[in-house]
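Below you'll find the structure, written out as structure tokens, and then a few comments.
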Amino acid sequence: MSVFLARRFLSFLITLSGASVFIFLLLEVLPGDPALTMLGVDAPDSAIEAIRLELGLDRPAFVRYVDWIAGLFHGEMGLSYVYKVPVTELIAQRLAVTLPLSIGAMALATVMALTLGIFAATHHNKLGDYGVMGFSQLGLAIPDFWFGILLIILFAVILHWLPSGGFSGWDEGFWRGVRSLTLPIFTQALSLTAIMTRVTRSSVLEVAREDYVRTARAKGLSRRAALWGHVLRNALVPVLTIGGLLVATVVTGTLVIENVFALPGLGKLIFDAISNRDLMVVKNVVLLFAAIVVLVNFVVDILYAMVDPRIRIHA
């Protein structure tokens with residue numbers, strides 16, 4: 001197990017290092033002047049030269065990259081050109097919105113998908129199965145932003161049960177913050193639930209047809225006992241796989257969801273940073289997104305080994 005974890009951790013470090021190099025090259029080294037990009041083509045030469053000196057663009061690219069990475073280890077991400085505050089402070093403030101939103105959407109989608117997928121598999125080719133598959137097809141077809149607008153119209157405009165958008169902050173009360181994130185969480189969870197439901201159903205049906213499950217049933221094991229004791233654990237591997245891949249969808253989905261509901265999260269921050277050409281913020285937030293995706297997939301690899309020991313033997 002220790003060798004398996006060491007290999008996966010090394011892969012995690014290599015992937016994250018490669019992502020940091022790619023982001024740095026894309027924003028600061030490839031043809032084009034970052035200072036000119038931030039200020040615009042009509043900016044005076046004196047202003048461009050000043051921002052170049054402020055960002056250290058007069059130094060060699062390798063030195064700038066090393067300084068950037070060294071600063072990350074010390075929790076320093078530089079100063080935002082637009083907001084004039086440390087990028088670390090900006091990200092910490094916005095994570096208080098994005099993190100609960102993403103975790104809530106993923107948790108809700110996982111619970112709903114496992115419930116619906118198992119229900120559909122155990123009622124294969126029956127009315128319940130057709131209903132779940134119809135729901136999942138609808139969830140895949142409806143765009144997240146349009147579904148969010150429908151929820152706003154129903155629950156905020158017509159019923160007045162939940163706020164239509166905005167976030168007052170956790171300082172105003174925990175439940176008030178939860179109410180502000182309820183509609184965004186359900187909006188983001190829709191497509192995730194649809195995808196994971198189909199995968200769960202297919203995986204459970206496939207494992208249920210295996211010989212060892214038939215043998216267990218032939219020995220007198222009840223259908224429910226065979227499902228919970230033999231089928232589900234082996235069916236979880238594909239579900240974990242798609243769940244890890246969907247983390248990237250959750251991270252990038254915040255760009256849309258937070259703009260629809262006017263939430264001051266990381267998605268809104270990077271959208272505004274791109275619009276304002278604040279490359280210091282863009283660089284660090286994109287790397288943070290990449291780190292989250294890589295870290296979650298590292299955790300998924302560990303869960304693989306816990307669910308199916310054969311994986312760590314052959315890894």
Side-chain angles (χ1 to χ4, degrees), residues 80 82-83 87 90-113 116 135-198 242-243 245-278 281-282 284-286 288-290 292-293 296:
S80 167
V82 174
Y83 297 99
V87 177
L90 281 175
I91 290 178
Q93 293 173 351
R94 305 305 179 95
L95 270 177
V97 178
T98 299
L99 208 56
L101 170 60
S102 301
I103 293 176
M106 199 68 198
L108 178 63
T110 301
V111 172
M112 291 180 63
L116 293 174
F135 162 77
S136 65
Q137 191 64 41
L138 189 65
L140 291 172
I142 297 178
D144 287 346
F145 71 89
W146 191 68
F147 182 60
I149 294 173
L150 292 181
L151 290 182
I152 291 173
I153 294 174
L154 176 60
F155 291 100
V157 177
I158 297 177
L159 299 176
H160 301 287
W161 288 358
L162 296 167
S164 60
F167 187 78
S168 57
W170 296 108
D171 295 337
E172 298 296 324
F174 175 77
W175 290 113
R176 187 170 180 178
V178 170
R179 290 183 74 250
S180 299
L181 294 179
T182 298
L183 292 184
I185 286 175
F186 273 90
T187 300
Q188 193 165 32
L190 176 66
S191 58
L192 303 176
T193 302
I195 296 172
M196 293 179 68
T197 295
R198 299 178 75 89
I242 196 65
L245 295 175
L246 286 176
V247 171
T249 303
V250 173
V251 170
T252 56
T254 59
L255 289 168
V256 176
I257 301 300
E258 290 178 2
N259 277 281
V260 170
F261 290 93
L263 296 174
L266 284 178
K268 188 70 164 59
L269 175 64
I270 194 172
F271 180 83
D272 292 340
I274 293 173
S275 301
N276 296 322
R277 302 168 181 174
D278 195 346
V281 173
V282 173
N284 287 287
V285 174
V286 171
L288 177 62
F289 281 166
I292 292 173
V293 173
V296 169

How long is the gap from [atom1] on [X] to [atom2] on [Y], to the nearest 0.5 Å?
X: Asn259; Y: Thr254; atom1: CG; atom2: OG1; value: 9.0 Å
X: Ile292; Y: Phe289; atom1: CD1; atom2: CZ; value: 6.5 Å
X: Leu90; Y: Asn284; atom1: CG; atom2: CG; value: 10.0 Å
X: Ile103; Y: Met106; atom1: CD1; atom2: CE; value: 11.0 Å

Problem - Sequence neighbours excluded - salt bridge (charged side-chain N to carboxylate O under 4.0 Å, His left out) pairs with any residue from residues 180-189 - result: none
Practice task
Just grab all the salt bridge (charged side-chain N to carboxylate O under 4.0 Å, His left out) pairs involving residues 263-275, residues at least two apart or on different chains.
Solution key: Lys268-Asp272
Can you list everything that forms a side-chain hydrogen bond (donor to acceptor under 3.5 Å, both in side chains) with [X]? Sequence neighbours excluded, please.
X: Thr98; value: Glu258
X: Asp278; value: Ser80
X: Ser180; value: none

Taking side chain to side chain contact (heavy atoms under 4.5 Å, CB included) as the test, write out the residues that go with [X], two or more places apart.
X: Phe147; value: Ile142, Leu151, Thr187, Leu190
X: Thr249; value: Leu192, Leu246
X: Val282; value: Leu27, Ala273, Ile274, Val286
X: Leu140; value: Ala194, Ile195, Arg198

Minimum heavy-atom distance [X]-[Y], with the two atoms named:
X: Ala109; Y: Ala189; answer: CB-O, 4.0 Å
X: Thr193; Y: Thr197; answer: O-OG1, 2.6 Å
X: Ser102; Y: Val250; answer: CB-CG1, 3.6 Å
X: Leu181; Y: Pro100; answer: CD1-CB, 3.8 Å
X: Gly267; Y: Leu255; answer: O-CD2, 3.2 Å

Give the table of side-chain donor-acceptor pairs shorter than 3.5 Å for residues 156-167, with sequence neighbours excluded, one pair per line with atom names and distance.
from   : atom 1 : to     : atom 2 : distance (Å)
His160 : ND1    : Ala156 : O      : 3.3
His160 : NE2    : Val157 : O      : 3.2

Practice task
Step through the shown structure and confirm whether more than 12 heavy atoms of other residues, nucleotides or ligands are within 6.0 Å of CZ on Phe271.
Solution key: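 Count not over threshold, so no.
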Practice task
Can you run down the ring-ring contact (aromatic ring centres under 6.0 Å, His included) pairs that involve residues 172-192, sequence neighbours left out, and say none if there aren't any?
Solution key: Trp170-Phe174
Handout entry: Which residues share a salt bridge (charged side-chain N to carboxylate O under 4.0 Å, His left out) with Arg179, sequence neighbours left out
Key = none
Handout entry: Test item: Leu266 and Leu269 side chains (from C-beta on) under 4.5 Å apart, heavy atoms
Key =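 Side-chain contact under 4.5 Å: yes.
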